[in-house]
Amino acid sequence: MTPTRDDKRIDDGNRDDGRSNAPARFDFAAAEARWQAAWSDAATFRADDASPRPKTFILEMFPYPSGKIHVGHVRNYVMGDVLARTRRAQGFEVLHPMGWDAFGMPAENAAIERGIHPGTWTRANITAMRGQLQRLGFALDWSRELATCEPDYYGHEQALFLDLMAGGLVYRKQSAVNWDPVDHTVLANEQVIDGRGWRSGALVERRQLSQWFLKITDFADELLDGLATLDQWPDKVRLMQENWIGKSVGLRFTFDVIDRTKAFDVFTTRPDTLFGASFAAIAPDHPLAKTLGATNPALAAFSAACLATGTAAAEVEAREKLGYDTGLRVAHPLDAAITLPVFVANFVLMDYGTGAIFGCPAHDQRDLDFARKYGLPVLPVVAPDDGIAIVDEAYVGPGQIVNSQFLDGMTIDAAKAAVIARAESEGWGTGTTVWRLRDWGVSRQRYWGTPIPVIHCKTCGVVPVPRDQLPVVLPEDVTFDVPGNPLDRHATWKHVACPSCAGPAVRETDTLDTFVNSSWYFLRFASAPTTAAFDPVVAKAWLPVAQYIGGVEHAILHLLYARFWTRALRRIGKIDLTEPFTGLFTQGMVTHETYRRAGTNLTAASEGDFEGDNDTVGAWLSPAEVERRGDAVVERATGLAVEVGRVIKMSKSKKNTVDPDAILERYGADAVRWFSLSDSPPERDLAWSEAGIDGAWRLVQRVWRLALSGAADGNDVATAKAAAKAVAGVTADIDKLQFNKAVARLYELVTVLERAAPSATRSAAIDTLLQLAAPMIPHLAEEAWARRGHGGMIATAPWPIADPALLIDDTVTIAIQVNGKLKDSVETTKGASRESVEAIVLARDKVIRALDGKVPRKVIVVPDRLVNLVA
RNA sequence: GCGGGUAUGGUGGAAUUGGUAGACGCGCCGGACUCAAAAUCCGGUUCCGCAAGGAGUGCCGGUUCGAUUCCGGCUACCCGCACCA
């Protein structure tokens with residue numbers, strides 16, 4: 001629960017050392033100001049291209065400037081910051097930059113809703129968010145800051161786009177968009193709710209527009225193969241990309257329509273099940289469907305109805321399977337005696353394969369659902385050893401082929417090969433590889449994006465904007481009072497002379513997908529000359545990014561597009577780089593409890609995943625509006641009971657967000673940083689809680705008291721060992737990005753040091769503790785380092801190294817099991833022989849009792865670990 | 001619909017990857033200090049049981065001397081699905 005300002009005053013009074021004899025407290029506000037200024041003045045975190053030290057590039061996915069930093073951002077950047085600071089201490093020249101993914105729809109929404117220009121809104125947000133990031137004390141090289149909405153960024157992007165075009169990797173084709181017939185505007189998938197435009201409520205149509213595409217499919221094979229080299233990526237992300245690219249090997253063959261001259265191709269990954277076919281189906285937007293629709297109004301109406309909904313795959317595939325029988329029949333390619341009906345079906349996608357399928361209900365769930373609905377035969381052709389009966393679940397497992405003439409008895413793989421061989425020898429089909437991956441449509445009918453640098457001339461066709469006329473700058477004098485793209489209706493901007501024939505021509509008014517902006521920004525961070533997008537030699541010195549950190553929601557699109565751009569730029573000779581990100585880490589979200597007034601009668605709409613309308617928000621209370629009184633949770637203002645709901649992702653609609661500014665003001669940057677790393681493993685969600693941040697605050701104070709505690713002479717081996725173990729453990733944990741474990745180890749060291757008597761060893765160990773904790777709580781570490789009389793900053797002090805001799809223990813505790821159950825344990829010298837350990841174990845009281853007179857028939861000894869007596 | 005992930009005390013999680021389940025944090029209980037509170041410190045805290053002992057890592061089954069870990073089958077929840085960034 002976010003504290004109010006009143007709260008803070010009371011707290012500060014209590015925590016202020018001036019009013020009591022409590023130990024001195026860490027004055028975070030003063031320390032933050034002092035050290036942030038010191039780092040900035042000394043350019044401590046400036047990355048030097050010319051440094052002789054080994055270079056490393058630590059990057060967090062740059063934020064969209066939505067208004068304010070949220071605690072999810074904080075967690076993301078703290079993780080990167082700990083790694084960047086650690087690497088710097090370890091002797092690397094670290095590039096750790098920050099910028100803004102500044103184009104996008106929210107800015108246009110703000111313009112429409114509040115009459116603010118998208119640029120004004122975006123730049124104000126950037127200023128605010130930069131200030132917030134600076135308050136957190138991140139070790140960033142701000143001299144490399146960039147914003148994708150500025151011409152000095154997107155102008156270079158336009159040049160790269162033209163380079164790709166010259167390299168044959170850009171083309172234009174018709175493609176479907178969500179069209180709002182009332183607002184006369186194109187809608188993003190997220191703006192389509194239950195098939196209707198979010199603002200107008202009108203039923204959304206699919207409309208074909210001529211759009212620009214990047215040939216990512218040219219790289220499908222190498223993007224897939226390249227995944228094998230990314231061994232520092234999470235397996236799940238590689239798997240998701242593999243599935244996304246979706247390589248399928250199968251058979252493409254032609255169905256000939258009976259008694260007509262028509263034919264169409266289908267693709268299947270299961271040619272082995274061809275004898276199980278009971279129908280053929282084509283997509284509603286298949287050319288044949290269009291041809292038939294011209295003379296069949298009912299069919300045309302059916303197709304139109306299928307297409308009158310959103311384009312999102314999830315929507316298309318989750319819908320009830322519907323079909324329209326065209327009345328056509330096609331011949332079975334393996335047996336002319338068999339004919340199959342042809343349907344237009346809503347679950348067949350024109351974008352995949354050939355936009356037509358053969359339906360084998362017994363072995364494909366979608367086909368089975370369809371067959372049951374329309375009363376089509378279901379013939380199993382693959383049977384497992386224990387036989388088969390299809391009811392309402394298709395069988396997709398292994399087995400041998402049955403009911404299939406010459407294929408009977410074969411395995412699935414053998415049958416696939418046999419059918420492909422026959423198709424090729426008889427000339428009606430070929431073995432083919434198809435990809436789920438489609439070319440990347442980059443045209444957006446929006447204002448706030450990178451203008452696509454081409455000109456349309458009636459005489460010359462599409463003409464690239466000449467290089468000396470780049471950047472094509474977005475005009476700032478636009479309005480959003482009318483729906484549609486302001487670039488389209490701007491009075492002068494789009495009217496230009498054709499660069500080729502000098503005749504009247506118009507600019508392209510579509511802009512590039514914002515994913516294009518984020519597909520090469522890492523190159524610009526590494527090298528930002530004014531005359532080019534990047535210098536290939538300078539950029540190559542920093543790249544690939546050693547560790548990239550961001551949300552798993554980017555596992556597919558952003559990461560695949562960035563990989564594609566890197567390879568595309570390599571193909572056209574722009575840079576010698578294959579993969580942009582060597583290490584990838586996907587961190588979890590920050591979540592929070594939800595609150596609502598007890599007894600609030602929620603409608604289904606507000607209970608479910610609704611989309612943020614204000615009229616349903618009233619039910620929810622924000623953490624700041626709620627407080628704990630004893631065991632009860634009540635609304636702060638009224639004292640009324642509050643129901644505590646599930647812990648979920650922070651969202652404005654559920655009001656379960658916390659404001660980083662308020663937390664920073666109350667607890668300071670170091671406590672916030674520490675809590676961001678505590679408790680949950682970084683790849684998993686972190687539940688933000690007041691108790692958690694309180695605990696972080698206590699840790700900060702404990703370290704501060706330790707740092708200021710008394711010194712003495714003398715050695716203390718136990719303390720030295722504890723410090724050495726912490727060095728080894730924390731270093732290894734940070735290397736593996738297991739920050740929660742590093743935090744736990746630091747707690748252990750703090751406890752040991754608090755309990756140890758003052759000694760020279762202890763003083764040295766406190767310095768070590770400060771160094772290990774410095775990446776996490778840098779302000780306190782600097783302040784304490786200075787107070788303890790060290791010259792220079794802890795930020796530039798070398799990382800501690802553990803003495804290996806101190807890491808070895810001379811005794812071990814051995815677990816004693818009888819029949820696999822733990823009965824006892826005993827301490828022995830390390831490396832004791834099996835015989836001596838066995839003798840010790842057999843003499844133990846508890847062992848004798850547990851054996852109850854029986855003689856062990858087997859004794860398993862794991863050296864220095866465990867003994868198991870099997871009786 | 002397709003694809004991916006997760007499940008361990010009151011709670012977030014840890015467990016050297018097949019070898020003492022519950023490190024560390026939070027919460028809670030008890031104590032010290034204090035006129036009192038705050039802060040701080042000390043002790044306890046998986047469950048059942050006075051104890052001896054027994055049970056226990058979502059559920060069912062398997063492999064093994066030994067399973068949170070490996071295998072098979074479920075259940076529940078979360079995430080992604082190409083114009084959100």
Side-chain angles (χ1 to χ4, degrees), chain A residues 11 13-15 17 19-23 25 61 63-64 66 101 103-106 177-178 186-192 235-237 239-240 242-244 246 311-319 321 347 351 365-366 369 436-438 440-446 513-515 517-518 551-558 560-561 589 646-649 675 678-681 683-687 689 691-692 694-696 698-699 701-702 705 738 740-741 743-748 751 754 813-817 819-825 849 856-860 862 865-870:
Chain A
D11 255 28
N14 285 337
R15 285 175 173 166
D17 52 358
R19 296 223 316 238
S20 70
N21 54 4
R25 297 203 185 285
M61 292 178 185
Y64 178 77
S66 56
D101 190 11
F103 274 137
M105 253 182 356
V177 295
N178 298 310
V186 172
L187 299 176
N189 280 339
E190 74 160 16
Q191 297 175 315
V192 179
D235 288 343
K236 69 168 174 179
V237 173
L239 187 61
M240 284 165 88
E242 186 182 323
N243 290 335
W244 190 259
T311 57
E315 214 181 317
V316 174
E317 291 182 36
R319 267 197 300 263
K321 311 286 178 285
F347 64 95
D351 288 321
Q365 192 59 46
R366 287 169 301 183
D369 295 343
R436 211 182 74 96
L437 184 69
R438 309 198 296 258
W440 175 13
V442 293
S443 295
R444 296 291 180 273
Q445 297 70 36
R446 295 183 207 292
D513 181 4
T514 56
F515 275 117
N517 307 146
S518 53
V552 71
E553 66 273 20
H554 294 290
I556 298 174
L557 293 185
H558 162 58
L560 192 63
Y561 292 151
M589 296 178 303
R646 292 198 312 154
V647 177
I648 56 169
K649 176 180 177 175
F675 179 58
S678 303
D679 288 357
S680 291
E683 70 276 13
R684 227 176 296 166
D685 292 350
L686 171 70
S689 70
D694 273 337
R698 279 199 288 275
L699 179 280
Q701 301 304 334
R702 284 170 74 187
R705 283 194 298 273
Q738 297 180 328
N740 59 320
K741 291 200 225 171
V743 161
R745 281 187 214 277
L746 288 170
Y747 269 111
E748 287 181 86
T751 303
E754 282 171 343
T813 305
I814 289 183
I816 304 171
Q817 297 179 339
N819 291 329
K821 301 267 186 198
L822 182 73
K823 294 294 173 184
D824 199 2
S825 67
R849 251 182 291 150
R857 52 187 165 84
K858 196 169 173 189
V859 180
I860 288 143
V862 182
R865 232 185 196 162
L866 158 147
V867 175
N868 187 13
L869 306 169
V870 185

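Note: hydrogens, waters and symmetry copies are ignored here, and every other heavy atom, side chains too, is used. Naming convention: chains lettered A, B, ... in sequence-line order (proteins, then strands); numbering from 1 in each chain.
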- Taking a pair as Watson-Crick or G-U wobble with both distances under 3.5 Å, which nucleotide is matched to B:rG72? B:rC60

- Inter-nucleotide P distance (B:rU8, B:rC41), Å rounded: 31 Å

- Message: Tell me whether the side-chain N/O atoms of A:K741 come closer than 4.0 Å to OP1 or OP2 in B:rG12.
- Response: no

- Counting any heavy atom closer than 4.0 Å, what does A:V870 reach on the DNA or RNA strands: base, sugar-phosphate only, or nothing? sugar-phosphate

- Task: Please determine, for the side chain of A:L866, which listed nucleotide (B:rG27, B:rU20, B:rC65) has the closest atom?
- Result: B:rU20

- Compare all side-chain heavy atoms of A:R446 with those of A:F103 and state whether any distance is below 4.5 angstrom. no

- Anything under 30° is parallel, anything over 60° is perpendicular, the rest tilted; go ahead and classify A:W440 against A:Y561. parallel

- Message: Is the phosphate of B:rC41 approached by A:R705 (side-chain N or O, under 4.0 Å from OP1 or OP2)?
- Response: yes

- Query: On a plain distance test, is the side chain of A:Q817 in donor-acceptor contact with the base of B:rC65 below 3.5 Å?
  - Reply: no

- Item | Any A:N740 side-chain heavy atom under 4.5 Å of A:D679 side chain | no

- If you measure from the C1' atom in B:rA23 to the same atom in B:rG30, how many Å do you get, rounded? 23 Å

- Name the pairing partner of B:rA39, where a pair is Watson-Crick or G-U wobble with both distances under 3.5 Å, or state none. none

- Pairwise C1' distance for B:rA14 and B:rA21, with rounding to whole Å: 9 Å

- Message: Side chain of A:R702, heavy atoms from C-beta onward: which of B:rC26, B:rC83, B:rG25 has the nearest atom to it?
- Response: B:rG25

- Message: Pair A:V859, A:V870 - check side-chain contact (heavy atoms from CB on, under 4.5 Å), show working.
- Response: CA-CA 6 Å; A:V859 180; A:V870 185; over 6 Å; no

- Item | Rounded distance (Å) that lies between atom P of B:rG3 and atom CD of A:Q365 | 11 Å

- Assess whether one donor atom and one acceptor atom, taken from the side chain of A:R446 and the base of B:rC83, lie less than 3.5 Å apart. yes

- Message: My understanding is that only residues two or more places apart in sequence, or in another chain, count here; which of them pass side-chain contact (heavy atoms from CB on, under 4.5 Å) with A:L866?
- Response: A:A815, A:Q817, A:V862, A:N868

- What integer number of Å spans the P atoms of B:rA7 and B:rA55? 25 Å

- Glycosidic conformation of B:rG30, taking syn as within 90° of 0 and anti otherwise: anti

- Task: Report the glycosidic orientation of B:rU34: syn if within 90° of 0, anti in every other case.
- Result: anti

- Nucleotide nearest A:I860 (side chain, heavy atoms from C-beta), chosen from B:rC81, B:rC65, B:rG5: B:rC65

- Message: Does the structure show a Watson-Crick or G-U wobble partner for B:rC81, both distances under 3.5 Å? Name it, or say none.
- Response: B:rG1

- Under 4.0 angstrom, heavy atoms only, what part of the nucleic acid is A:W244 near: base, sugar-phosphate, or nothing? base

- Item | Position toward the 5' end of RNA chain B (nearest nucleotide), A:N868 or A:F103 | A:N868

- Under 4.0 Å between a side-chain N or O of A:R849 and OP1 or OP2 of B:rG53? yes

- Message: Base, sugar-phosphate or nothing for A:L746? Non-hydrogen atoms, less than 4.0 Å.
- Response: nothing

- Message: I'd like the C1' distance from B:rA32 over to B:rA76, given in whole Å.
- Response: 47 Å

- Look at A:R698 and B:rC26 and indicate whether a side-chain polar atom (N or O) is within less than 4.0 Å of OP1 or OP2. yes

- Message: Between B:rC26 and B:rA39, how far apart are the two P atoms, rounded to whole Å?
- Response: 13 Å

- Message: Between A:R444 and B:rC83, is there a contact of a side-chain N or O with OP1 or OP2 at under 4.0 Å?
- Response: yes

- Message: If we count only N and O atoms by modelled type, under 3.5 Å, do the side chains of A:R702 and A:T751 hold a donor and an acceptor together?
- Response: yes

- Query: Which base, if any, makes a Watson-Crick or G-U wobble pair with B:rA21, both distances under 3.5 Å?
  - Reply: none

- Distance between the C1' atoms of B:rG12 and B:rG22, in whole angstroms? 13 Å

- Query: Expressed as a whole number of Å, how far does the P atom of B:rG1 sit from that of B:rC47?
  - Reply: 41 Å

- Go ahead and name the base partner of B:rG53; Watson-Crick or wobble counts if both distances stay under 3.5 Å, otherwise write none. B:rC48

- Task: Output the distance between atom CD (A:Q738) and atom CD (A:E683), rounded to the nearest 0.5 Å.
- Result: 7.5 Å

